[in-house]
Amino acid sequence: MDFITIVLQQAFPCILLGFGIFLTYRILDFADLTAEGSFLIGSGLAIVLINNGVNPFLATLISLLGGAACGVFTGVLNRFLKIPKLLSGIITMTMCGSLILIIMGRDELASSLSGVLTFNSKIVLDDSANTIYSMFYGGVIKNVWVNIIIMFLVVAVVMCAVYFFFGTQYGMAIRSTGINEKMSRSQGINTTTTTITCIAISNALIGLAGALMAQKIRSVTPIDSVGYLVIGLAVILIGEAIFGKRSFLNCMISVSLGSIVYFVIVQLVFLIGFPTQLSKLLYAIMIVIALCLPAIKKGIARIFKKKDKVKGAI
Amino acid sequence: MKKKILATLLLASSILIGCGNNGNVIHPVDEFLKMDTEFKQSGSYTIGILKQDTIPALEASEQGFIARLNELGWEQGKNITFNIQNAVGDASNLSRYADSLISSCDLVLGIATGSSQHLKSAQLNAGTKKPILFTAVTDPTDAKLVNSNDVPGGYVTGTSDAQPVAEQIKLIKECIPTAKKVGVIYTITEQNSRVQALAAAEAIRAAAMTPEVASCNDKNDISAAVNSLVSKGIEALYIPTDNNIASHLSDASTICNNNHILVCTGEEGMVTSGGHVSLSIDYNILGQRTADIANEILCGRKSPNQIKVTSMSLSELVYVKSDTHLAQASITLPTEVLQKSWKNI
């Protein structure tokens, strides 16, 4: 039972993260490196606002908007200032490393002692402060399951909203921008706004993922987001390799299940007692295996086909 | 009523099993009723250890912890099992390992501030009252691990590696009596070193010198920060037990060596890797103290909120210097300072 709860508590926020990256990486064909920045901004906003007495749900919503703002910035850099896609993502991500410090606020004591403007480096929630999870603690349901249920509800609502949005005319316009930008423009689609909107939605989801994660660990530091971009990509690739990528809905389900599969494997590694210092090696092997699944499938299919042909000849 | 039955059962089982080690006192029922952790007496226990990264000082405290537990009669594989996890500096690992350890172990030790905080939030999330110990945390109150050092007030307690910052600054003053400006450098992402850096700045001012504080974001701008201090004309540099700078100490010490600046570090391990002098606490002993606390809890004598946060006393500190590094910076210490009992590395 503990196994399931640990996996789900990590996997649910990473569904949003994975799907956010999926929107830019697959739908828009825009390699967006903003992810780690917007994840950080999302978690920072959530923790700081809650610490200042803001309603946790409102704080979570603001984190989502904060993430979206990062996305808009990247989009503007790329579309209006003509900075290459990869570079504009890197610029925003780097900038977020400092923005988060401004969000976390001035460290009064340090500033007065050193005479240099200094910012807080870590914010930990008070034990009494309520997160979107701890608001519902103390009932019949165990705390961990409260976490999981709330995460599930948030993820479900957001994913449904995104699904319906991408089914509307404007959503379709975004998808066609990703497939063939020149063609889309000749059909009268303003590809600049569609691109920026898609990056904004993507980073809004990632910011929300950050808020969900930070409220679970109840603290934020500027290094908290390190490694999440790779996790997000791994989630997408594993999901697509195992569960397919035939349609938009199929992809959504793939990313969701991919996230759960990823953390099940990661947690299994922990259980079998593999030296945790070498865990990255094992993750890499795991991703390689997931990625070559389609090739293996094809290979097996070919072998069977050959046999059939031989039989037919006889 | 239920509580009483439980208490009697626990008492009975503890009499039957003994205390896992050398015949400890059997506790009165009242003591058990006071114990409100979810810690259950049984024959053998699993102890989880969560580490952030591999750093000599932290390794020393871990070894001290395990060795002392062995001494107290807890043997690996016999009546105790260790589950040691290293997050290798990865935040996403840290939170998952914390969850796993909290769910699978009877008692968990967090080494350094970050991992202890993750354990505490995992404990809150799981809604359990499993005891958590911490070691090598500079300021447990500032890190919100405990309410206060004397009355922890939760299910968390442990040992603090609060540095003798004022004494270390005094050492600088003794080594360079003419010093007017002393630099302090720390990494902004590390709460523990921030606390020490601030205390150092205050102590420097108290010793009638001028503090120059510089901070760096990560390993890439350590050199830049040290250079900015050098250009301000510092005569000595104080480096707290900052994990980031500790792993890249040669960056800082090379610049200081070239400018004949004395480097006083927060602990012994950093003198080995490039520092000049230090007045250091022994992390191995700190780990042993933590094991003593663990023993109290494992034997059911006390619950975490009855155990004060302990730190090292001044008499246990060691003067450490490195003659090779001092020679590289061509610094000679005054003769009266050399008369102290130094440990040379």
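Labels below follow one simple rule: chain letters A, B, ... track the order of the sequence lines, proteins then strands, and each chain is numbered from 1.
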- prompt: At their closest point, which heavy atom of B:Ala126 faces which heavy atom of A:Asn143, and how far apart are they?
  reply: C-CB, 4.1 Å
message: Pair B:Lys144, A:Asp126 - check salt bridge (charged side-chain N to carboxylate O under 4.0 Å, His left out), show working.
response: CA-CA 7 Å; B:Lys144 294 187 185 164; A:Asp126 294 321; 2.9 Å; yes
task: Go through B:Ile188, B:Asn125, B:Asn217 and name the one with the most non-hydrogen pairs under 4.5 angstrom from chain A.
output: B:Asn125
message: Is it true that, when you exclude A:Tyr25 itself, more than 12 heavy atoms of the residues, nucleotides or ligands shown sit nearer than 6.0 Å to its OH?
response: no
query: Below 4.5 Å, heavy atoms only, C-beta onward: do B:Arg96 and A:Val7 meet side chain to side chain?
result: no
field: B:Asp99 bridged to A:Lys216 by N-O distance under 4.0 Å
entry: yes
Interchain contact, A:Val124 with chain B, by part (heavy-atom threshold 4.5 Å): both
query: Of the backbone (N, CA, C, O) and the side chain (C-beta and beyond), which part of A:Leu125 lies under 4.5 Å from a heavy atom of chain B, both, or neither?
result: backbone
field: Gap separating the OG atom of B:Ser215 from the CZ atom of A:Phe119, nearest 0.5 angstrom
entry: 10.0 Å
field: Heavy-atom proximity to chain A below 4.5 Å, by part of B:Lys120
entry: side chain
task: Select one option (side chain, backbone, both, neither) describing which atoms of B:Asn93 are under 4.5 Å from chain A's heavy atoms.
output: side chain
statement: The interface call for A:Tyr137 against chain B, heavy-atom contacts under 4.5 Å, is side chain
field: Region of A:Lys142 in contact with chain B, defined by heavy-atom distances below 4.5 Å
entry: neither
- prompt: Under a 4.5 Å heavy-atom cut-off, does chain B meet the side chain of A:Asn147, its backbone, both or neither?
  reply: side chain
field: Neighbour count above 12 (heavy atom, 6.0 Å) for A:Phe57 CZ
entry: yes
message: Minimum heavy-atom separation for A:Ile6 and B:Ser100, please, with both atom names.
response: CD1-CA, 3.4 Å
message: Please check if the number of heavy atoms outside B:Lys232 that lie under 6.0 Å from its NZ is greater than 12.
response: yes
Pairwise distance CE(A:Met213) to OG(B:Ser95) - rounded to 0.5 angstrom: 6.0 Å
message: Are A:Lys122 and B:Gln117 packed together at the side-chain level, in the sense that at least one heavy-atom pair is separated by less than 4.5 angstrom?
response: yes
